[in-house]
Amino acid sequence: MNFLALIGRVVLAFLGHMGRLTLFTGTALSHCVRPPLYPRLIGKQMIDIGYYSLPVVGLTAIFSGMVLALQSYTGFARFAAGSETAVANVVIVSLTRELGPVLAGLMVAGRIGASMAAEIGTMRVTEQIDALTTLSTNPFKYLVVPRIIAGTLMLPLLVLVADIIGVFGGFVVSVYKLGFNPAAYISNSYDFMQALDVISGLVKAGVFGFIIALMGCYAGYHSKGGAQGVGAATTNAVVSSSILILTFNYIITELFFGT
Amino acid sequence: MNTIPQIRLRDVKKSFGAKRVLAGIDLDIAKGESVVVIGGSGTGKSVLIKCIIGILQADSGLIEVDGQDVLHVPAGNRDAINRKFGMLFQGGALFDSLPIWENVAFGLMQREHMSRKQGKERAVETMAKVGLSADVAELSPAELSGGMQKRVGLARAIAGNPEIIFFDEPTTGLDPIMADVINDLIISVVKNQGMTALSITHDMHSARKIADRITMLYEGKLIWAGDAKDVDNSGNPYVDQFVHGKAEGPIKMQVRR
Ligand SMILES: Nc1ncnc2c1ncn2[C@@H]1O[C@H](COP(=O)(O)OP(=O)(O)OP(=O)(O)O)[C@@H](O)[C@H]1O
Ligand SMILES: [Mg+2]
């Protein structure tokens, strides 16, 4: 009996959570298309999300490109020698389709999602969000919308940069460690680059950016209690956006490439 | 009196889960009147104000502002009502990502689409009224002392010249001299600018000074209301105990000895 009650409670909590999240998403989206928007705040968020994430995303990308080149070379060496074209191919396809968006998404979720949740959560528990309402400012418009717009726009740009840096990482390992011909590597990469791969990666990035900002804001907005509540909100934001990123990564892949 | 009170509460109730905080509040506040709510810590004074300004949703009852039901107002009209309000939060609730002057001018810039330059001028003027000099304008809230933050909160509340102003413990945490300056400021905005004020305080000196009427909240009800000058001989043992700050009396504190 107690066990059933426990299950019931968990299910109810989950449904309540989903309901709140759906409502939150709907409200946020509806405010995205209704003026006034705050260009100043959108710009500030874009710099925060885009510019200040560059180092971390760039580092992730360059090492991923490097390790991809190394792994695929040693991996292919088991089957056939002279896999110069294959290495370039593997590097560019995996980066543009998968690793670029997913790794950038996860890194930004850790960096930005957490800080959004912490900032908005602190504003919630110190009544700053209530103060916004009394000063005729809609907290969704002021806090949530700029972050969502900036996240959705900046992640694709970040991923584009990550793609380029990642390919460069693969190039460095291939040329300086594996002794490939640099000109051939570049032309191979160029030949194998497919518009659809790149586009699917950028679409993923846009969706991931939306998810990161949405979950960061949602967790912060609904945080309760003091410092502890804000801490929990931060964790929730990172964990839930990471899981959603991996889930949607599969769904979008299925939509683009599934048969 | 045939005029409608500016704020009218009838049987307002609010609970958090099983915990009943407001158990039926009736209160009328006339235009230009200054009412002070006194009451022990945790009795629901802040909750009462939050219900009136719509931060919390009362469970039942009637709340009217200028004769308009604000409990069941469509979201689109909420803003028009909010414009009438100014609020000093108990904890300040200053925006810590913005400099002081932007905190003070926030409502002005949002509502009246005032330029940043104009906003800053107005902010500095308002800050002068609460005894803050122009050189704190560029600081961030975290760089100010608690009492200074309180005054910034006050400046922000009165900057937009609201019709109705709510002060949640305006003098707590201030030295006695500054507390009296704030008392005078509250009196002057009420008397000179005709604002209606609803204040919460524990500070009986301040209450006597700023209130036209005082009312006491105890166990979810307003158990006494009367003219400020009558508070010392209210004839109500609860009020007596509170006003004179005695540990002995009908109000039992939840402490173990
Ligand atoms: N958002 C909330 N959720 C749950 N309970 C709350 C909430 N806000 C207030 N309460 C509870 O309501 C009661 C009254 O709180 P309130 O802040 O109104 O007290 P107060 O009279 O302002 O006290 P103080 O003088 O210490 O500020 C408290 O017991 C508090 O625990
Ligand atoms: Mg309070």
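By convention in this document, chain letters (A, B, ...) are assigned in the order of the sequence lines, proteins followed by strands, and residues within each chain are numbered from 1.
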More than 12 heavy atoms of other groups within 6.0 Å of [X] [atom1]:
{"X": "B:E143", "atom1": "CD", "value": "yes"}
{"X": "A:F168", "atom1": "CZ", "value": "no"}
{"X": "A:F24", "atom1": "CZ", "value": "yes"}
{"X": "B:F16", "atom1": "CZ", "value": "yes"}

Least distance between heavy atoms, B:Q110 atom then A:L135 atom:
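Closest approach of B:Q110 to A:L135: CB-O, 4.0 Å.
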Which heavy atom in B:A93 sits nearest to a heavy atom in A:A131, and how many Å separate them?
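Where B:A93 meets A:A131 most closely, the heavy atoms are O-CB, 3.8 Å.
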[X] side, atom [atom1]; [Y] side, atom [atom2] - distance, nearest 0.5 Å:
{"X": "A:M123", "Y": "B:F95", "atom1": "CE", "atom2": "CZ", "result": "6.0 Å"}
{"X": "B:D96", "Y": "A:E119", "atom1": "CG", "atom2": "CD", "result": "8.0 Å"}
{"X": "B:I53", "Y": "A:D130", "atom1": "CD1", "atom2": "CG", "result": "7.5 Å"}
{"X": "B:L94", "Y": "A:T126", "atom1": "CG", "atom2": "OG1", "result": "9.0 Å"}
{"X": "B:L108", "Y": "A:S136", "atom1": "CG", "atom2": "OG", "result": "10.5 Å"}
{"X": "A:T134", "Y": "B:I49", "atom1": "OG1", "atom2": "CD1", "result": "11.5 Å"}

Would you mind reporting whether A:L132 and B:F106 have side-chain heavy atoms less than 4.5 Å apart?
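With C-beta onward as the side chain, the pair touches.
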Heavy atoms, side chains only, cut-off 4.5 Å: are B:R116 and A:R40 in contact?
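Heavy-atom side-chain distance check passes, below 4.5 Å.
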Flag, side chain of B:N82 to backbone of A:T133, donor-acceptor distance under 3.5 Å:
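Answer holds: yes.
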Between B:L98 and chain A, which part of the residue has a heavy atom less than 4.5 Å away: side chain, backbone, both or neither?
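Just the side chain, heavy atoms under 4.5 Å.
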